[in-house]
Amino acid sequence: MEFAAEEGQSFSPDCPALLLPALSIGNVGQFATDLLISSVRAKRVGYLDEPSVLPCVGNDAFAPVPQGDLSLSLEAYESALHGLTLIQQRSPVIKGMMISFARNMADFIHSIGKNHVLILSSLDSGRRKRIDASSNMQIYYLSSVSDDGSNQDCENLGWKKLDKYDPCQRRWKYLESLAGGASPDDEELITDEEEFTESDYYASLPFSALFTCLKAKGLKVTCLLCYCSEGDNISDSFQLAHATCKLLGLNPEKFHGNEGGGWMIPLSWKSVYGPPPDMTLF
Amino acid sequence: MDDVLTETPPPSRFFDEDLDNFATAPPPLPSPFLLLNPNPKLNLLVVAISPLSRSLVHHLPSKILIGSLFLPEIPLSGNPLLPSANSKSFNLYSAGSQNTCLASVQYTVSPERSRAVAKCLIESVSADQVVIFDCIKSQNYRGRIEVDETLAFKLETKQQRLDGGSLRVNGVDYLPSGSVMDGLGAAILTKCQMKGIKGTLLATWPENGGFEVLKMVFKELGFDVSGIEGEFTKVNSHSDLDLYT
């Protein structure tokens, strides 16, 4: 993974926490990262170029009036005021290269000396076996501070540990060996669909690869997860961003944005789901 | 009516295999390579990716073939010995001044290979400025887009915006925020941004539209387009070339 810093910019030692999205249903992690970059007025530190990420370019996603400031598929931002570094990913990982991506990302984050990594992602509501009235608002987490993934700080915030995490389960163990440098050819992976369990499914998601690879580097990692369905996932992103602020001790009311609660809506969200329907049809 | 179960999802949505850590990785492929003779220091590299820009390059007079970029997985069978508008090739020409290079991308570069091709091109051809001609894809454009409407937008690297200079693409708006460009054009512009090279990507819509804009920009870049008149009604897309191997 190559890094090119913006002129005069470098990663600040005053930003011990790093936040990055994991690709998922509804793109919720990416939306939440956009919302946080916009709301904390983070400045771009530089660009990342990673062989496993498909290239994409666009105009400035945040400025009120875009002036042609180029956006790339992987960018790093920082807000020293809030002690936060953010990495945004705007395009998919090449199919079959998620482990490679996670390894390279973990190597990079380890090299810039961050203490705590927060991974934002979402889970498919269609996979849930039990649903209650408040379940869609529930935040789930996974933490590297204990072997079973639990973290008292997260429990105190009313979050639930992802009960599908079982480090002794075959796919989680397989992920751990891959994160440690094993080649996929060295390990046997059960591919019989009849033996495919729920735990297998959650271990196959991108957040799991990032969590495992970052943990293998000795970093403190916390995954923040929410269940959602495919559709308009803006509200889900608010929920995840709000949870992130609670964990980091940030108060969105002090962001002084253009939206209720202090949030600053990114400019690119105006067209995120395409243009409105053509009313001349009616 | 499209089958909603099998219809390709919008680009921001994923198939299950896109989110699978254990999906089979693509087989490793040999790196692209470029043969270039001579290998001068260039002022300008023009990369024609869109079918209309490739046709314009083909019709430019007084250009000399100086090199070719090869993708090992693209077969050369069926290509004529001399450069042709129908060949599966990625040829480089000197044209206009000695310090200008034209590249015509006449085969399809997959999104997965775009970065490798861009890296090969930019690291082999040393140019002060790069201009890329590409097409807008409807699935990547977030505004309303009509098939009979001609659109042209640009994206520039930071170095290009700051330095400007006489070879700036003027009279074209920036791509609206929220829309993106992907593929080889995006990969080349990314490489330019990372390396601090002045770079511009000009994106037009539809695939066979925007001739007057392209002609205007080529003229601004110093090419003699006075003898090239009228729209190209028959545009050779890459899919047509696949029929003849």
Side-chain angles (χ1 to χ4, degrees), chain A residues 2 4 6-7 23-27 30 47 49 51 53-63 66-73 90-100 102 171 174-175 178 184 189 191 203-206 208-209 230 266-276 278, chain B residues 9-27 110-116 118-119 139-145 153-158 160-162 173-196 199 201:
Chain A
E2 297 171 27
E6 287 271 37
E7 194 173 332
L23 301 182
S24 62
I25 183 170
N27 306 92
Q30 292 160 288
Y47 308 92
D49 189 20
V53 174
L54 293 173
C56 84
V57 290
N59 198 348
D60 189 349
F62 302 109
Q67 299 295 321
D69 189 16
L70 190 67
S71 283
L72 303 187
S73 50
R90 300 196 180 283
S91 60
V93 173
I94 295 171
K95 191 174 72 173
M97 297 193 70
M98 193 64 71
I99 300 295
S100 173
R171 283 207 169 198
Y174 180 49
L175 261 185
L178 290 174
L189 185 66
T191 57
S204 71
L205 295 176
S208 303
E230 199 82 53
L267 173 71
S268 56
W269 281 18
K270 284 185 181 173
S271 59
V272 68
Y273 291 116
D278 184 0
Chain B
S12 62
R13 298 326 199 198
F14 301 108
F15 288 110
D16 285 346
E17 60 203 17
D18 295 328
L19 301 177
D20 186 358
N21 293 333
F22 308 114
T24 306
S110 69
E112 292 80 3
R113 287 286 257 169
S114 294
R115 185 182 178 275
K119 186 173 190 295
Q139 66 267 29
N140 291 340
Y141 185 73
R142 287 293 179 260
R144 193 175 304 287
I145 196 165
F153 296 107
K154 67 180 178 185
L155 289 168
E156 293 175 331
T157 63
K158 183 168 188 174
Q160 178 67 62
R161 282 194 308 117
L162 292 176
D173 293 333
Y174 289 113
L175 187 71
S177 181
S179 300
V180 296
M181 296 291 296
D182 61 6
L184 179 61
I188 295 173
L189 199 68
T190 295
K191 210 64 189 169
C192 291
Q193 176 80 351
M194 298 287 290
K195 288 187 161 296
L201 189 155

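By convention in this document, chain letters (A, B, ...) are assigned in the order of the sequence lines, proteins followed by strands, and residues within each chain are numbered from 1.
- Both the backbone and the side chain of A:Glu2 come within contact range of chain B, each with at least one heavy atom under 4.5 Å from a heavy atom of that chain.
- With chain B as the partner, the residue from A:Lys95, A:Gln30, A:Met98, A:Arg90 showing the most heavy-atom pairs under 4.5 Å is A:Lys95.
- If you check the side chains of A:Gln67 and B:Tyr174, you find no donor sitting under 3.5 Å from an acceptor.
- B:Thr24 touches chain A through its backbone: at least one of N, CA, C or O sits under 4.5 Å from a heavy atom, while the side chain does not.
- Residue A:Leu72 touches chain B through its side chain alone, counting heavy-atom pairs closer than 4.5 Å.
- Listed options B:Asp18, B:Asp20, B:Asp173, B:Thr157 were ranked by heavy-atom pairs under 4.5 angstrom with chain A; first place goes to B:Asp20.
- Ion pairing between a basic and an acidic side chain is recognised when a charged N comes within 4.0 Å of a carboxylate O; A:Glu7 and B:Lys158 show no such pairing.
- A salt bridge links A:Asp49 to B:Lys191: at least one charged side-chain nitrogen sits closer than 4.0 Å to a carboxylate oxygen.
- Only the side chain of B:Gln193 comes within contact range of chain A, with at least one heavy atom under 4.5 Å from a heavy atom of that chain.
- When the side-chain contact (heavy atoms from CB on, under 4.5 Å) test is applied to B:Pro111, the partners found at least two apart in sequence or on another chain are A:Leu54.
- A:Tyr47 meets the ring-ring contact (aromatic ring centres under 6.0 Å, His included) test with no other residue; sequence neighbours excluded.
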